[in-house]
Amino acid sequence: MTSAERPAGSRNPTRTRDAILDAARELVLDAGQERLSIRRVAERAGVTHGTIYLYFRDKDDLLYQVAETSAQEMVARLRRLPRSLDAIERLRQTYLCLADAALEAPDAFHFVFTLRPTRATAAPAMPPLAAVLEAPLVDAVAALPGQAEQTAALDGRALLLGIVGLVEAARAGIATPADLRRTAERTVALALAGVLAG
């Protein structure tokens with residue numbers, strides 16, 4: 001059900017907020033964050049322009065909340081991985097789980113990965129929400145035998161950037177989903193071989 005089909009319901013604040021977030025997400029994925037306007041979100045969500053400001057400070061806050069929701073959905077998938085996995089299988093499954101989530105919604109992943117706070121005084125090395133996706137990979141690498149913290153951080157970043165490459169290939173249409181999945185499997189196999197070799 002799209003936000004246009006679901007009434008926002010001014011009596012239910014949670015439902016109204018969700019309708020606004022859904023509408024904003026649809027618009028960002030359809031037209032890009034540059035073309036997002038509060039008026040267009042309000043129209044699609046079935047609320048007034050002013051209602052949006054009851055829930056979000058401004059357009060930047062709304063964009064960040066949309067991206068944060070997408071990142072949380074990806075991380076929620078990781079939480080469903082069995083806790084009983086050994087370190088090697090944990091890294092493999094963590095990478096493939098994130099890669100699958102990213103490839104199922106490449107535009108949403110791209111948005112999460114590239115959104116930076118507009119009011120930041122200095123550009124962070126990694127956008128804040130991308131760091132949320134990077135952390136599980138770093139943790140999984142760090143759990144491997146003999147891994148140093150600095151090496152785990154570099155290896156986790158390399159794995160995340162590999163997913164970025166898969167996503168950009170999907171967005172450009174230069175490989176089939178099946179080819180990209182095979183590439184993800186090969187990438188993590190090579191990464192594991194390299195990390196375990198030291």
Side-chain angles (χ1 to χ4, degrees), residues 1-83 93-121 123-124 126-140 160 163-164 166-168 170-171 177 180-181:
M1 171 181 287
T2 67
S3 59
E5 296 167 333
R6 181 177 50 229
S10 61
R11 293 184 187 159
N12 185 331
T14 301
R15 202 166 157 206
T16 300
R17 184 178 187 282
D18 289 347
I20 293 167
L21 284 171
D22 288 347
R25 181 178 176 154
E26 291 166 9
L27 287 167
V28 164
L29 297 181
D30 288 347
Q33 70 187 68
E34 305 79 24
R35 298 203 53 216
L36 183 80
S37 74
I38 295 296
R39 285 203 193 283
R40 291 180 73 199
V41 172
E43 287 171 11
R44 186 163 292 195
V47 299
T48 64
H49 181 264
T51 299
I52 292 178
Y53 293 105
L54 296 174
Y55 297 91
F56 306 96
R57 284 187 312 275
D58 53 25
K59 178 180 161 183
D60 292 336
D61 183 36
L62 176 57
L63 280 169
Y64 187 84
Q65 300 273 342
V66 168
E68 184 176 49
T69 301
S70 295
Q72 288 171 350
E73 289 169 4
M74 291 178 201
V75 171
R77 293 177 96 168
L78 293 174
R79 290 190 188 113
R80 292 192 288 268
L81 291 175
R83 294 181 185 267
Q93 290 297 325
T94 298
Y95 180 84
L96 291 175
C97 185
L98 276 177
D100 286 345
L103 291 171
E104 286 171 17
D107 291 333
F109 180 87
H110 176 81
F111 176 55
V112 167
F113 194 82
T114 59
L115 183 69
R116 295 180 185 277
T118 57
R119 293 186 179 100
T121 55
M126 179 73 69
L129 293 174
V132 168
L133 300 178
E134 180 182 44
L137 291 167
V138 172
D139 291 344
L160 182 63
I163 294 172
V164 171
L166 294 171
V167 164
E168 292 310 313
R171 293 179 77 228
L180 292 170
R181 171 63 184 191

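Salt-bridge formation is not detected for the pair Arg40/Glu43: no Lys NZ or Arg NE/NH1/NH2 atom is positioned less than 4.0 Å from an Asp or Glu carboxylate oxygen.
For the pair Asp30/Arg44, a side-chain contact is recorded, criterion being any heavy-atom separation below 4.5 Å from C-beta on. Between Glu104 and Phe109, the closest side-chain pair of non-hydrogen atoms is not below 4.5 Å. For the pair Leu78/Leu81, a side-chain contact is recorded, criterion being any heavy-atom separation below 4.5 Å from C-beta on. Side-chain contact between Phe111 and Leu63: present, with at least one pair of heavy atoms (C-beta onward) separated by less than 4.5 Å.
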Evaluate Leu96 against Arg181 for side chain to side chain contact (heavy atoms under 4.5 Å, CB included), listing each step before the verdict. CA-CA 8 Å; Leu96 291 175; Arg181 171 63 184 191; 3.8 Å; yes
Working note: Leu21 + Tyr55, criterion side chain to side chain contact (heavy atoms under 4.5 Å, CB included); need CA distance, chi angles, decisive distance, verdict. CA-CA 10 Å; Leu21 284 171; Tyr55 297 91; over 6 Å; no
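Distance CZ/Arg77 to CD/Gln93: 12.0 Å, rounded to 0.5 Å. Between the OG atom in Ser70 and the NE2 atom in His110 there is a gap of 12.5 Å [rounded to 0.5 Å]. To the nearest 0.5 Å, atoms CG (Leu62) and CZ (Arg17) are separated by 9.0 Å. Here the straight-line distance linking atom CG of Leu98 with atom CE of Met74 works out to 8.0 Å at 0.5 Å rounding.
Of all heavy-atom pairs spanning Asp58 and Tyr53, the tightest one is CA-CE2, 4.1 Å. The two residues Ala23 and Val41 make their nearest non-hydrogen contact at CB-O, 3.8 Å. The minimum heavy-atom distance linking Ala130 with Leu160 is given by the pair O-CD2, 3.7 Å. Residues Ile163 and Ala99 share a closest heavy-atom pair of CD1-N, 3.9 Å. Scanning both residues, Val167 and Pro106, for their nearest heavy atoms gives CG1-O, 3.4 Å. When every heavy atom of Ala108 is checked against every heavy atom of Arg25, the shortest pair comes out as CB-NH2, 3.8 Å.
Ile38 pairs with exactly one of Ile20, Ile52, Thr51 by the side chain to side chain contact (heavy atoms under 4.5 Å, CB included) rule, that one being Ile52.
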